[in-house]
Amino acid sequence: MSQLSVLLPLTGLLFLISSTSGSESSVPYPVTCVTRGADLTEDGVVVLCPPDCTQWRVSVFGTGVYASVSSVCGAAVHRGVLGPSGGPVRVHKLQGRHNYMSSYAHGIQSQALTHWTASFSLTSSRPAVCVLPSLTSVCVCVAAKKPLKKSSVKKVLTGGNKDCQMDIAMVIDSSNNIGQRRFNLQKNFVAKLAAMLRVGQIGPHIGLVQASDSPRTEFLLTNYTQPKELLFAIKELAYLGGDTNTGKAIMHTAETFYTQENGGRRGHPRVMMVLIDGWPSDDLDQAAMLARESGINVFLVSVAKPAPEELAMVRDKEFMKKAVCKDNGFFSYLIPSWFSTTKHVKPLTQRLCSLDGLLCSKTCYNSVNIGFLIDGSSSVGDGNFQLVLDFLAGIARSFDISDVGARIGAVQFTYDQRLEFGLYDHSTKDDAINALRRIPYMSGGTATGAAISYTTQNLFRRTGPGRNFLIVVTDGQSYDDVISPAVAARKQGITMYSVGVAWAPLEDLKAMASEPKDSHTFFTREFTGLAEFIPALVRGICRDFTENN
């Protein structure tokens with residue numbers, strides 16, 4: 001007997017009349033236990049699963065979001081939206097992704113998968129109420145109205161918060177110390193944080209690790225880039241128990257989480273928020289040191305800190321100070337109870353998204369603004385001008401240029417000045433370097449002083465002090481004063497490097513350069529010698545950045 005014949009009762013034909021919502025159909029489509037997500041062509045289709053799919057050897061890949069090669073009915077049972085008796089379930093098609101996580105639930109073991117081209121998620125379908133007016137009547141199934149349910153989490157934007165482009169790892173406490181009840185409160189708190197952070201392709205990415213006897217990665221940074229999927233994954237987290245080995249969890253996260261293979265984005269600040277109930281069972285020193293050296297901003301959120309009578313059981317009473325990125329109060333956050341976390345969601349979110357406060361991810365490679373002031377006078381010549389551009393491109397290539405990282409801009413000068421491109425015009429390294437290489441040669445006189453003033457007022461007008469660098473490249477004597485404009489630029493917080501070629505006078509080069517003059521002044525007789533200065537200039541910028549921060 002076919003599965004469809006089960007739907008034909010002896011009293012007459014069964015017609016399934018759907019109640020549509022948008023473009024999604026509610027008409028159940030009979031499938032088998034081994035029907036895969038890839039076998040379904042429509043999005044939002046409702047399928048009718050047969051009973052006893054747990055008795056089959058169904059293949060399921062993923063948790064919450066499943067690879068399209070998975071059995072739909074097997075995934076529905078694993079997800080908990082269907083029981084062993086089968087029934088209708090709605091299938092939502094999703095994009096492919098990396099790192100599908102394995103887990104065991106409701107009698108089905110799902111498998112891990114590194115990558116698949118398409119995915120799906122599942123929701124329960126509306127129950128149908130069958131009205132049978134008489135034994136000879138047609139049985140009409142009408143979808144029952146879905147009861148209105150107030151969402152516990154506010155609707156969030158799917159595009160992502162472009163003002164919080166961070167890679168955020170959440171390390172949560174899953175130890176015996178927290179217990180099942182407070183673990184559920186912790187999950188609610190994390191879900192509210194995630195909702196307010198607003199994940200998305202252009203916003204923050206969030207992954208999660210549970211701290212217990214051994215750390216367990218629940219999902220990586222790129223597993224869930226839509227708010228609905230992420231909140232669903234948080235809701236599904238299972239309590240582990242065990243010791244509070246927070247140090248192990250920090251170490252594991254720092255070593256594995258932010259690699260490009262696991263979804264880390266080049267040039268994006270790295271944030272690790274560690275939640276702990278009480279105190280850790282292990283040491284945090286080595287793990288925190290590794291995190292800091294890896295450019296990770298560790299925030300420690302302590303909930304229900306040890307009572308005075310419990311302090312004797314705490315191995316290291318200074319664990320909070322040692323764990324955080326910097327012991328300045330910004331990276332430590334205290335919450336008195338899991339029952340009062342809601343009011344702390346917004347202020348903690350603001351800290352996690354505070355780009356200027358993230359000291360550990362600020363390096364010379366991702367946090368500097370570099371201006372190039374390029375001599376385009378007639379004495380340079382077109383061929384040598386291209387060598388200057390090659391030299392500057394070599395410097396730019398050493399930095400992590402992005403919309404949240406380092407930035408470069410360029411001004412060319414003769415008697416006049418021309419802003420070739422601003423610090424905020426190109427948000428990727430390739431675009432910025434290509435723009436640099438395409439600069440057309442002007443030809444004319446040499447007014448370096450006026451060019452410095454122009455660059456100070458135009459290229460650096462939107463930036464803050466302390467991380468701005470200006471590299472001046474010139475091949476000759478300036479027709480105007482360079483001393484006063486250079487002093488004004490340095491007072492504005494711009495660190496200046498002067499690079500002279502051919503007939504550029506050494507006294508002018510030193511007058512423009514920042515202190516100490518010798519380490520900020522470079523000279524070569526030939527334009528072909530410029531390339532040798534690239535490593536020293538990059539090291540110098542990093543040295544100045546470190547000393548000023």
Side-chain angles (χ1 to χ4, degrees), residues 369-396 408-423 435-461 468-492 494-515 517-534 536-537 540-541:
N369 303 311
I370 303 175
F372 298 128
L373 184 54
I374 310 167
D375 187 345
S377 62
S378 301
S379 58
V380 174
D382 189 63
N384 288 332
F385 187 77
Q386 294 304 313
L387 291 175
V388 172
L389 297 184
D390 290 343
F391 163 61
L392 298 178
I395 295 172
I408 65 168
V411 172
Q412 187 179 176
F413 72 96
T414 57
Y415 283 135
D416 296 319
Q417 307 86 32
R418 185 170 74 197
L419 179 65
E420 300 293 354
F421 59 92
L423 294 168
L436 188 62
R437 290 189 176 281
R438 288 196 302 265
I439 293 176
Y441 175 47
M442 287 174 67
S443 187
T446 309
T448 313
I452 293 172
S453 297
Y454 175 89
T455 305
T456 302
Q457 296 163 10
N458 292 275
L459 190 64
F460 293 105
R461 70 181 185 276
N468 298 323
F469 295 83
L470 179 61
I471 299 175
V472 183
V473 184
T474 181
D475 81 325
Q477 175 82 48
S478 176
Y479 289 104
D480 62 357
D481 173 53
V482 298
I483 297 176
S484 297
V487 169
R490 294 196 299 268
K491 284 183 177 178
Q492 191 175 308
I494 300 170
T495 301
M496 294 188 62
Y497 285 83
S498 57
V499 181
V501 189
W503 306 109
L506 189 59
E507 58 269 23
D508 278 8
L509 296 176
K510 289 196 172 184
M512 291 185 288
S514 293
E515 296 286 352
K517 300 291 185 180
D518 288 343
S519 61
H520 290 80
T521 304
F522 296 83
F523 178 79
T524 177
R525 282 290 176 196
E526 304 293 337
F527 281 89
T528 53
L530 286 172
E532 298 176 8
F533 296 151
I534 293 175
L537 273 160
I541 290 172

Student: Which atom pairs, one a donor and one an acceptor, fall under 3.5 Å between side chains of residues 522-534 and the rest of the protein, sequence neighbours left out?
Tutor:
unit_1 : atom_1 : unit_2 : atom_2 : d
Thr524 : OG1    : Glu526 : N      : 3.4
Thr524 : OG1    : Glu526 : O      : 3.1
Arg525 : NH1    : Ala502 : O      : 3.0

Student: For residues Ala489 and Ile452, report the shortest heavy-atom separation together with the two atoms involved.
Tutor: CB-CG2, 4.1 Å
Student: Give, for atom CG of Leu459 and atom CG of Asn369, the distance between the pair rounded to the nearest 0.5 Å.
Tutor: 8.5 Å
Student: What's the spacing between Ile395 CD1 and Phe469 CZ if we round to 0.5 Å?
Tutor: 12.0 Å
Student: Can you name the side-chain contact (heavy atoms from CB on, under 4.5 Å) partners of Ser453, sequence neighbours left out?
Tutor: Gln457, Pro485
Student: Does Leu389 reach the side chain of Ile374, with side-chain heavy atoms less than 4.5 Å apart?
Tutor: yes
Student: State which residues pass side-chain hydrogen bond (donor to acceptor under 3.5 Å, both in side chains) with Thr455; sequence neighbours excluded, sorted by chain then number.
Tutor: none
Student: Is there a side-chain contact between Phe391 and Leu537 (heavy atoms, below 4.5 Å)?
Tutor: yes
Student: Between Asp480 (side chain) and Ala450 (backbone), is there a donor-acceptor pair under 3.5 Å?
Tutor: yes
Student: Do you know which two heavy atoms are closest between Thr446 and Ser377, and how far apart they sit?
Tutor: OG1-CB, 3.3 Å
Student: Could you tell me which residues satisfy side-chain hydrogen bond (donor to acceptor under 3.5 Å, both in side chains) with Gln417, sequence neighbours excluded, listed by chain and number?
Tutor: none
Student: Is Tyr454 reaching over with its side chain to a backbone N or O of Val411, donor-acceptor style, under 3.5 angstrom?
Tutor: no
Student: How far does CD of Glu420 sit from CD1 of Ile408, to the nearest 0.5 angstrom?
Tutor: 12.0 Å
Student: Atom OG1 of Thr448 and atom CG of Asp481: how far apart are they, to the nearest 0.5 Å?
Tutor: 10.5 Å
Student: Measure the shortest side-chain to side-chain distance between Asp375 and Phe413 over non-hydrogen atoms and say whether it is less than 4.5 angstrom.
Tutor: yes
Student: I need the Thr495 OG1 to Arg490 CZ distance, nearest 0.5 Å.
Tutor: 10.0 Å
Student: Does some side-chain heavy atom of Ile541 sit less than 4.5 Å from a side-chain heavy atom of Ile471?
Tutor: yes
Student: How about Phe372 and Val388: do any of their side-chain heavy atoms sit closer than 4.5 Å?
Tutor: no
Student: So, using side-chain contact (heavy atoms from CB on, under 4.5 Å) as the criterion, who are the partners of Ser443 when residues are at least two apart?
Tutor: Ser378, Tyr441
Student: What's the separation between atom CD1 in Ile494 and atom OG1 in Thr456, rounded to the nearest 0.5 Å?
Tutor: 4.0 Å
Student: Does one side chain, of Asp416 or Thr414, offer a donor that lies under 3.5 Å from an acceptor on the other?
Tutor: no
Student: Between Gln412 and Ile439 (side chain of the first, backbone of the second, donor and acceptor by atom type, cut-off under 3.5 Å), is there such a pair?
Tutor: no
Student: Give the table of side-chain donor-acceptor pairs shorter than 3.5 Å for residues 506-514, with sequence neighbours excluded, one pair per line with atom names and distance.
Tutor:
unit_1 : atom_1 : unit_2 : atom_2 : d
Asp508 : OD2    : Gln477 : NE2    : 3.2
Lys510 : NZ     : Asp518 : OD1    : 3.2
Ser514 : OG     : Met496 : N      : 2.8

